[in-house]
Each structure stands twice: as structure tokens, then as C-alpha cells.
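Chain identifiers are assigned alphabetically (A, B, ...) following the order of the sequence lines, protein sequences preceding nucleic acid strands; residue numbering begins at 1 within each chain.
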Amino acid sequence: AQSVTQLDSQVPVFEEAPVELRCNYSSSVSVYLFWYVQYPNQGLQLLLKYLSGSTLVESINGFEAEFNKSQTSFHLRKPSVHISDTAEYFCAVSAPTTNAGGTSYGKLTFGQGTILTVHP
Amino acid sequence: DGGITQSPKYLFRKEGQNVTLSCEQNLNHDAMYWYRQDPGQGLRLIYYSQIVNDFQKGDIAEGYSVSREKKESFPLTVTSAQKNPTAFYLCASSWTPYNEQFFGPGTRLTVL
């Protein structure tokens with residue numbers, strides 16, 4: 001079964017500093033990868049996704065993530081954070097499974113989350 | 001506006017009572033999901049459904065039940081058998097299991 005590990009449960013950082021939230025997954029085959037953001041007492045919102053093509057994907061609010069197949073990682077980065085980026089971030093992966101019917105991609109597996117706190 | 005709605009936002013129940021959480025989507029998605037979220041434990045899958053009239057248990061299905069009679073609706077019942085039901089419950093939907101999931105705003109259930 002696939003698994004996702006977010007290496008840091010909490011990341012404190014000062015405003016305008018760079019940040020990296022780390023995510024590793026267990027599958028050795030092609031996967032689909034996602035980052036979600038959750039603000040307090042709200043549902044999750046999709047931040048960005050990797051399905052295929054360029055290994056560097058970007059979101060509209062300055063975050064980017066790079067798919068690294070050899071290291072099975074999909075770390076999330078932002079060069080300069082704002083107070084408003086304070087939230088919990090979840091990495092998720094969908095990996096293929098093969099059965100009698102062929103190969104299909106399974107439902108998403110989520111990491112445990114990383115709480116990003118941006119201090120003034 | 002397309003999206004997922006969950007109601008109510010806050011729910012209180014007495015111990016020993018069953019309670020049903022509503023989840024409706026107008027995105028025409030085939031797949032729907034229920035998650036439970038507790039502090040520091042991420043999202044845990046309770047049940048999911050890939051098509052109408054079909055659903056599967058997730059990782060923590062004990063004490064919960066669901067139905068999928070309509071494509072747009074996937075209600076979750078928290079039964080009295082659920083030992084520790086106080087939590088934040090999230091509903092989600094997607095086109096297929098491997099596509100990105102769209103989430104509702106959540107229901108916070110508190111057992112008194």
C-alpha cells in the first residue's frame with residue numbers, strides 16, 4: 001500500500017523568509033501528487049498538483065513543488081512567505097494498482113499534515 | 001456556483017444518540033468520501049463511494065454508516081457504537097478516485 005510521509009509536523013518561520021515543506025511517498029512507480037492547504041475550521045483547498053510533464057508545478061499564490069522521482073519526493077516551497085500563509089498543509093498521492101481488470105490509479109492517500117506558522 | 005455543502009457547521013449530540021451529517025455536491029462527481037480529522041492525526045478515511053448504490057469501508061469505518069442513493073448526496077451517520085465521535089468531519093468528491101478531491105467546509109461534531 002502506498003504511504004505518504006510529511007517529515008515536519010510544524011514549521012515556524014518569519015515573514016518574508018523562504019520555506020520548504022517536505023513530502024516523501026513510498027511508491028516506486030509513476031504517481032499523481034497533490035498539495036492541499038487548510039485554514040482553521042475550513043475544508044481543504046487544492047494548492048497544486050502533478051500528473052505528468054514538467055516536474056516543477058506552480059500555484060497562483062507563489063508556491064511551487066518539484067516532483068523528484070529518484071528521491072520519491074514532492075517538496076513544497078515558497079521563496080517569501082506572508083502572514084496569510086499560516087495554515088496546515090497536506091501532501092497526497094495516488095498510485096497505480098494492478099489487478100485482473102488491468103492497471104488503475106487508486107484513491108488519494110494523505111500525509112499527516114504540516115502546520116506552517118508565519119511570525120511577523 | 002458549483003461546490004460541496006455540508007450541514008450543519010456545528011453539531012452537538014448527547015451520548016448514545018445517532019446523528020446524521022449531510023453532504024451534497026453539484027459538481028456531477030462520481031466519487032465521494034468521508035474523512036475524520038483529529039488534531040495531529042491528519043485525515044482518516046471513513047467511507048468512500050465510487051458510484052451510486054455502492055460504497056466501501058475506509059480505515060476507520062466502525063461505528064459509522066453511509067448511503068449513496070443519489071449521485072449528489074452521501075450522508076454519514078455516526079452511530080452510538082462510535083466510541084469517540086467528537087471530531088471534525090470532512091466530505092469530499094472527485095471525478096474519479098485518482099483525480100483531485102474537492103472538499104466541503106466540514107462539520108464539527110461534539111458529543112456532550
For [X], is it the side chain, the backbone, both or neither that has a heavy atom under 4.5 Å from a heavy atom of chain B?
X     : value
A/Q38 : side chain
A/Q10 : neither
A/L44 : both

Same cluster for [X] and [Y] if Ile/Leu/Val/Met/Phe/Trp/Tyr side chains link at under 4.5 Å?
X     : Y      : value
A/I83 : A/I115 : no
B/V19 : B/F88  : no
B/L90 : A/F34  : yes
B/I4  : B/L76  : no
A/V13 : A/L76  : yes

Donor-acceptor contact present, side-chain A/Y36 to main-chain B/Q101, <3.5 Å:
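Yes; judged by distance alone, with no hydrogens or angles, the pair exists.
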Heavy-atom contact with chain A under 4.5 Å, split by part of B/Q6:
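Contact with chain A is absent: no heavy atom of B/Q6 under 4.5 Å.
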Pairs meeting criterion side chain to side chain donor-acceptor pair (under 3.5 Å) with involvement of residues 102-112 of chain B, two or more places apart:
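Applying side chain to side chain donor-acceptor pair (under 3.5 Å) to every pair that reaches into residues 102-112 of chain B, excluding sequence neighbours, yields A/N41-B/R108.
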How long is the straight-line distance from CD of B/E100 back to CG of A/L51, given to the nearest 0.5 Å?
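Reported to 0.5 Å precision, the distance equals 7.0 Å.
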Closest approach of A/L108 and B/N99, non-hydrogen atoms and distance?
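For A/L108 and B/N99, the tightest heavy-atom pair comes out as CD1-O, 3.4 Å.
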